[in-house]
**Student:** 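Here it is, the structure, as structure tokens.
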Amino acid sequence: TRLAAWYVNKGEYRKALLLYEECLRMSKVIYGENHPNTLNTIDNLANIYVDLEEFGKALSLYEEGLRLRKVVLGENHPDTLTSMGGLAVCYSKRGEAEKALPLLEECLKIRKAELGEYHPDTLASITNLATFYKERGEPVKALPLYEDSVRVSKVVLGESHPDRLRSMNNLAVLYDHQKEYEKALPLTEECLKGWKLVLGENHPHTLTTTYNLASLYKTQGEHEKARP
């Protein structure tokens, strides 16, 4: 599994897929389908299928993993909630919003109660639900969740963590679309500063944020700042 995880980090998903498939087959034979090693491998394999956009295969694995973890670990166990979150995201990517939303909401509710707000898993649920609403074109519901994501991730991950910068960028874009420019501008400025620090000046994220900031300056009538 270490080699498979290494391939995932390198973006070589097809190589990781073969290893996880073999690992799952062997784990079921050696440990049984209810063993934690088997359940972890089911989730890892499902994640790979999502990365490869093979959502049908991912869906069946997430469903299997969630069913088994509820029996073995209980409904509120962190690993059970990980399977629930993965299943919800998979439903969302398949366009099955009516199945995704209740799972996303339940997962967030339980994680807040069991783990507290300032926990990486709770943060993941907040961001997943925010992204769901953003992609569904519901900015009013997405905005407060992205605000929470930016606030919580500052404590959990640190100011310049890429995940926080992504949430900050999404929040700024939503503010921009809502014509709340006075809120979008400082967020975009902070986001640009973070991307430059983390990724450098020529990275696509940095360049996109630079363009967004210039557009905001123009909207605010600050044409001198908008110039390169």
**Student:** Taking Thr188 for the side chain and Leu213 for the main chain, is one N or O donor matched with an acceptor at less than 3.5 Å?
**Tutor:** no
**Student:** With a 4.0 Å cut-off on N to O distance, would you call Lys183 and Glu190 a salt bridge?
**Tutor:**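 Not counted as a salt bridge, because no side-chain N and carboxylate O are separated by less than 4.0 Å.
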**Student:** Out of curiosity, does Val89 fall in the hydrophobic cluster containing Met84 (side-chain heavy atoms, cut-off under 4.5 Å, transitive links)?
**Tutor:**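 No, Met84 and Val89 fall in different hydrophobic clusters.
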**Student:** Would you check if His35 and Thr38 make a side-chain contact, meaning some heavy-atom pair closer than 4.5 Å?
**Tutor:**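 The answer is yes, as the side chains (C-beta and beyond) meet within the 4.5 Å cut-off.
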**Student:** Taking 4.0 angstrom as the limit, do Glu96 and Arg94 come out as a salt bridge?
**Tutor:** yes
**Student:** Would you find a donor on one side and an acceptor on the other, under 3.5 Å apart, between the side chain of Asp176 and the backbone of Ala172?
**Tutor:** no
**Student:** Measuring from Tyr20:OH to Leu61:CG, what's the distance to the nearest 0.5 Å?
**Tutor:** 13.0 Å
**Student:** I need the full list of side-chain hydrogen bond (donor to acceptor under 3.5 Å, both in side chains) pairs touching residues 142-152, with sequence neighbours left out, sorted by first then second residue.
**Tutor:** Glu117-Arg151, Tyr118-Arg151, Thr127-Ser149, Thr131-Tyr146, Tyr146-Asn170, Glu147-Tyr175, Asp148-Arg151, Ser149-Ser167
**Student:** Just by distance, do the side chain of Thr219 and the backbone of Ser215 share a donor-acceptor pair under 3.5 Å?
**Tutor:** yes
**Student:** Tell me the closest heavy-atom pair linking Asp163 and His161, and the distance in Å.
**Tutor:**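 Heavy atoms of Asp163 and His161 come nearest at N-ND1, 3.0 Å.
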**Student:** Please determine whether residues Leu87 and Ile110 belong to a single hydrophobic cluster, defined as Ile, Leu, Val, Met, Phe, Trp and Tyr linked transitively by side-chain heavy-atom distances below 4.5 Å.
**Tutor:**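 Yes, one cluster joins them.
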**Student:** Verify salt bridge (charged side-chain N to carboxylate O under 4.0 Å, His left out) between Lys109 and Glu106, making sure each step is shown before the conclusion.
**Tutor:** CA-CA 5 Å; Lys109 180 181 178 181; Glu106 182 183 1; over 6 Å; no
**Student:** Does Gly74 offer a backbone N or O that forms a donor-acceptor pair with the side chain of Thr80 under 3.5 Å?
**Tutor:** yes
**Student:** Can you measure from NZ (Lys154) to OG (Ser160) and round to the nearest 0.5 angstrom?
**Tutor:** 10.0 Å
**Student:** Check the side chains of Arg164 and Asn169 for a donor-acceptor pair under 3.5 angstrom, ignoring hydrogens and angles.
**Tutor:** no
**Student:** Hey, are Glu189 and Tyr217 close enough side-chain-wise for a donor-acceptor pair under 3.5 Å?
**Tutor:**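 Short answer, yes.
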**Student:** Can you name the closest pair of heavy atoms from Cys191 and Met168 and give their distance?
**Tutor:**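 Closest heavy-atom pair between Cys191 and Met168: N-SD, 3.6 Å.
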**Student:** Would you call Lys28 and Glu33 a salt bridge, taking side-chain N to carboxylate O under 4.0 Å as the test?
**Tutor:**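 Looking at Glu33 together with Lys28, the answer is no, because their closest N to O distance does not fall below 4.0 Å.
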**Student:** Is the number of heavy atoms from other residues, nucleotides or ligands within 6.0 Å of CZ (Arg67) greater than 12?
**Tutor:** yes
**Student:** Considering residues, nucleotides and ligands other than Glu201, do more than 12 of their heavy atoms fall under 6.0 Å from its CD?
**Tutor:** no
**Student:** How far apart are the C-alpha atoms of Leu68 and Glu64, what are their side-chain angles, what is the distance that settles it, and do they pass the side chain to side chain contact (heavy atoms under 4.5 Å, CB included) test?
**Tutor:** CA-CA 6 Å; Leu68 292 172; Glu64 179 185 5; 3.9 Å; yes
**Student:** For a quick test of reading the model, state the closest non-hydrogen atom pair linking Val50 to Phe55 and the distance between them.
**Tutor:**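 Here Val50 and Phe55 meet closest at O-CE2, 3.7 Å.
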**Student:** Stepwise, does the side chain to side chain contact (heavy atoms under 4.5 Å, CB included) test hold for Leu17 with Tyr49?
**Tutor:** CA-CA 8 Å; Leu17 176 65; Tyr49 280 127; 3.6 Å; yes
**Student:** Find out whether Tyr91 and Glu63 are in side-chain contact, i.e. whether some heavy atom of one side chain is under 4.5 Å from a heavy atom of the other.
**Tutor:** yes
**Student:** If you take all heavy atoms of Ser125 and Arg111, which pair is closest and at what distance?
**Tutor:**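 Minimum heavy-atom contact is OG-NH1, 2.8 Å.
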**Student:** Under the side chain to side chain contact (heavy atoms under 4.5 Å, CB included) criterion, do Phe132 and Arg136 qualify, and how do the steps go?
**Tutor:** CA-CA 6 Å; Phe132 171 85; Arg136 293 277 296 172; 3.9 Å; yes
**Student:** Could you pull out the closest heavy-atom pair between Ile48 and Ala16, with the gap in Å?
**Tutor:** CD1-CB, 4.0 Å
**Student:** Nearest 0.5 Å, please: how far is CZ in Arg2 from CG in Leu19?
**Tutor:**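 Answer rounded to 0.5 Å: 14.5 Å.
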**Student:** In terms of hydrophobic clusters joined by side-chain contacts under 4.5 Å, are Ile126 and Leu129 together?
**Tutor:**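 In one cluster with Ile126: Leu129, yes.
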**Student:** Give the cluster check for Val155 versus Leu165: same hydrophobic cluster or not, with ILVMFWY residues linked at side-chain heavy-atom distances below 4.5 Å.
**Tutor:**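 Per the 4.5 Å side-chain linkage, Val155 and Leu165 are not co-clustered.
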**Student:** Please step through side chain to side chain contact (heavy atoms under 4.5 Å, CB included) for the pair Tyr13 and Glu53, ending with a clear verdict.
**Tutor:** CA-CA 11 Å; Tyr13 300 122; Glu53 298 186 355; over 6 Å; no
**Student:** Asn37 and Ser27: side-chain donor and acceptor closer than 3.5 Å?
**Tutor:**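 No, because no side-chain N or O of Asn37 sits under 3.5 Å from a partner of the opposite role on Ser27.
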**Student:** Output the distance between atom CD (Glu138) and atom OH (Tyr133), rounded to the nearest 0.5 Å.
**Tutor:** 6.5 Å
**Student:** Evaluate the side-chain proximity of Leu171 to Lys134: yes if any heavy-atom separation is below 4.5 Å, no if none is.
**Tutor:** no
**Student:** Could you walk me through whether Tyr62 and Asn47 satisfy the side-chain hydrogen bond (donor to acceptor under 3.5 Å, both in side chains) test, starting with their C-alpha distance in whole Å, then the side-chain angles of each, then the deciding distance to 0.1 Å, before giving a yes or no?
**Tutor:** CA-CA 9 Å; Tyr62 281 131; Asn47 292 338; 2.4 Å; yes
**Student:** Under 3.5 Å, side chain of Thr210 to main-chain N/O of Thr206, donor-acceptor pair present?
**Tutor:**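 Yes, Thr210 side chain to Thr206 backbone: donor-acceptor pair under 3.5 Å.
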**Student:** Are Leu81 and Leu59 linked, directly or through other ILVMFWY residues, by side chains that come within less than 4.5 angstrom of each other?
**Tutor:**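 Looking at the clustering, Leu59 is in the same group as Leu81.
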**Student:** Measure across Val156 and Pro120 and return the closest heavy-atom pair with its distance rounded to 0.1 Å.
**Tutor:** CG1-CG, 3.8 Å
**Student:** So, taking the atom named CG in Leu174 and the one named CD in Glu180, what distance separates them when rounded to the nearest 0.5 Å?
**Tutor:** 10.0 Å
**Student:** Who passes side chain to side chain donor-acceptor pair (under 3.5 Å) against Arg25, sequence neighbours left out?
**Tutor:** Glu22
**Student:** Name all pairs fulfilling the ring-ring contact (aromatic ring centres under 6.0 Å, His included) condition that reach into residues 179-210, sequence neighbours left out, sorted by first residue then second.
**Tutor:**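 Residue pairs passing ring-ring contact (aromatic ring centres under 6.0 Å, His included), neighbours aside: Trp195-His205, His203-His205.
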**Student:** Nearest 0.5 Å please: distance from the CG atom of Asn44 over to the CG atom of Leu39.
**Tutor:**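 Result: 11.0 Å between the selected atoms.
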